[in-house]
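Below is one structure, written out as structure tokens; comments come after it.
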2 protein chains.
Amino acid sequence: MDVKSKIGIRIKELREQKNMSQKDLAYSADLDRSYIASVENGQRNISIVNIEKVSTALGVTLKEFFNNGKFDNNSTGS
Amino acid sequence: MDVKSKIGIRIKELREQKNMSQKDLAYSADLDRSYIASVENGQRNISIVNIEKVSTALGVTLKEFFNNGKFDNNSTGS
DNA sequence: TTGTAGACTTTAGTCGACA
DNA sequence: GTGTCGACTAAAGTCTACA
């Protein structure tokens with residue numbers, strides 16, 4: 001599984017834990033809702049600045065965001 | 001301090017631990033050397049795909065990359 | 001060995017609309 | 001509430017070159 005998908009799944013799981021809609025998250029992170037949708041579906045290569053915005057909106061630090069089994073192995077080839 | 005600078009410092013510290021030059025890292029991560037330079041100096045908003053490439057080239061997982069005091073607090077406002 | 005600059009191509013990210 | 005599409009603007013990332 002590639003990083004874009006991992007990030008998307010992580011965002012979605014944190015968002016649902018907070019009972020937020022994509023619209024809520026988009027507003028709170030100051031990003032476009034349709035963009036959040038495509039990121040969650042692993043279609044977009046999100047930048048670090050926006051990952052931080054989303055993390056903040058979800059109430060976690062970057063460290064916490066990445067402190068998850070999904071990120072225990074990189075998908076990049078050797 | 002903003003995320004772009006934190007990422008840059010983190011990359012540089014890991015790179016120096018491995019005794020790699022920017023050129024080595026660029027080659028290994030399949031990115032441009034001048035680009036690595038500007039990322040290390042906090043001038044670029046690197047994307048997640050490239051963060052993973054760099055992490056892999058540096059021999060750490062994404063989890064390890066972000067498992068660092070610098071990422072304990074987000075710089076994004078409230 | 002690293003920083004930066006300029007010109008370039010590709011993609012991130014916005015916005016409105018509709019299923 | 002979410003996915004996607006099309007058209008748009010801003011910015012990522014490449015490449016060559018020189019201090």
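So that the names make sense, note that chain A is the first sequence line, chain B the second, and so on, each numbered from 1. Note that the structure is a prediction, hence the values are computed from the model and not measured.
- Taken from CD1 in B:I48 to CD1 in A:I51, the straight-line distance is 4.0 Å, to the nearest 0.5 Å.
- In the region residues 28-45 of chain A, proximity to DNA chain D at under 4.0 angstrom, judged on heavy atoms, holds for A:R33, A:S34, A:A37, A:N41, A:Q43.
- Of the possible donor and acceptor atoms, one in the side chain of B:D24 sits under 3.5 Å from a partner among the backbone N and O of B:S21.
- A donor-acceptor pair under 3.5 Å is formed between the side chain of A:N45 and the backbone N or O of B:V49.
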Which side-chain N or O atoms in residues 29-36 of chain B pair as donor and acceptor under 3.5 Å with protein atoms at least two apart or in another chain?
from  : atom 1 : to    : atom 2 : distance (Å)
B:D32 : OD2    : B:S34 : N      : 3.2
B:D32 : OD2    : B:S34 : OG     : 2.6

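- The rotation axes computed at either terminus of the helix from C:dT2-D:dA19 to C:dA19-D:dT2 lie 60° apart, taking five pairs at each end and rounding to 10 degrees.
- By the ring-ring contact (aromatic ring centres under 6.0 Å, His included) test, A:F65 pairs with no residue at all, sequence neighbours left out.
- Taking the 5' to 3' direction, DNA chain C first and last meets chain B under 4.0 angstrom from a heavy atom at C:dT2 to C:dA5.
- Reading DNA chain D from its 5' end, the first and the last nucleotide to sit under 4.0 Å from a heavy atom of chain A are D:dT2 to D:dT4.
- A:N73 pairs by the side chain to side chain contact (heavy atoms under 4.5 Å, CB included) definition with nothing, not counting sequence neighbours.
- For A:K12, the side chain to side chain donor-acceptor pair (under 3.5 Å) criterion is met by no residue, not counting sequence neighbours.
- Note that CG of A:L62 is 7.5 Å distant from OG of B:S75, once rounded to the nearest 0.5 Å.
- In this structure, CZ in B:F66 is found 10.5 Å from OG1 in B:T61, a value given to the nearest 0.5 Å.
- Contacts of B:S55 classified as side chain to side chain donor-acceptor pair (under 3.5 Å), with partners at least two apart in sequence or in another chain: none.
- Using a 4.0 Å cutoff on non-hydrogen atoms, the parts of residues 6-26 of chain A near DNA chain D are A:R15, A:S21, A:Q22, ordered by number.
- Residue pairs meeting the salt bridge (charged side-chain N to carboxylate O under 4.0 Å, His left out) criterion with at least one partner in residues 48-61 of chain B, sequence neighbours excluded, do not occur; the list is empty.
- Under the 3.5 Å distance criterion, the side-chain polar atoms of B:N41 are matched with a main-chain donor or acceptor of B:A37.
- Note on residues 34-43 of chain A: pairs passing salt bridge (charged side-chain N to carboxylate O under 4.0 Å, His left out), not counting sequence neighbours, are A:R15-A:E40.
- Atom CG of B:N68 is separated from atom CG of B:L14 by 8.0 Å, given to the nearest 0.5 angstrom.
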Practice task
Please report the C-alpha distance between A:I11 and A:L25 in whole Å, then the side-chain angles of each, then the deciding distance to 0.1 Å, and finally whether the side chain to side chain contact (heavy atoms under 4.5 Å, CB included) criterion is met.
Solution key: CA-CA 10 Å; A:I11 291 175; A:L25 175 55; 3.8 Å; yes
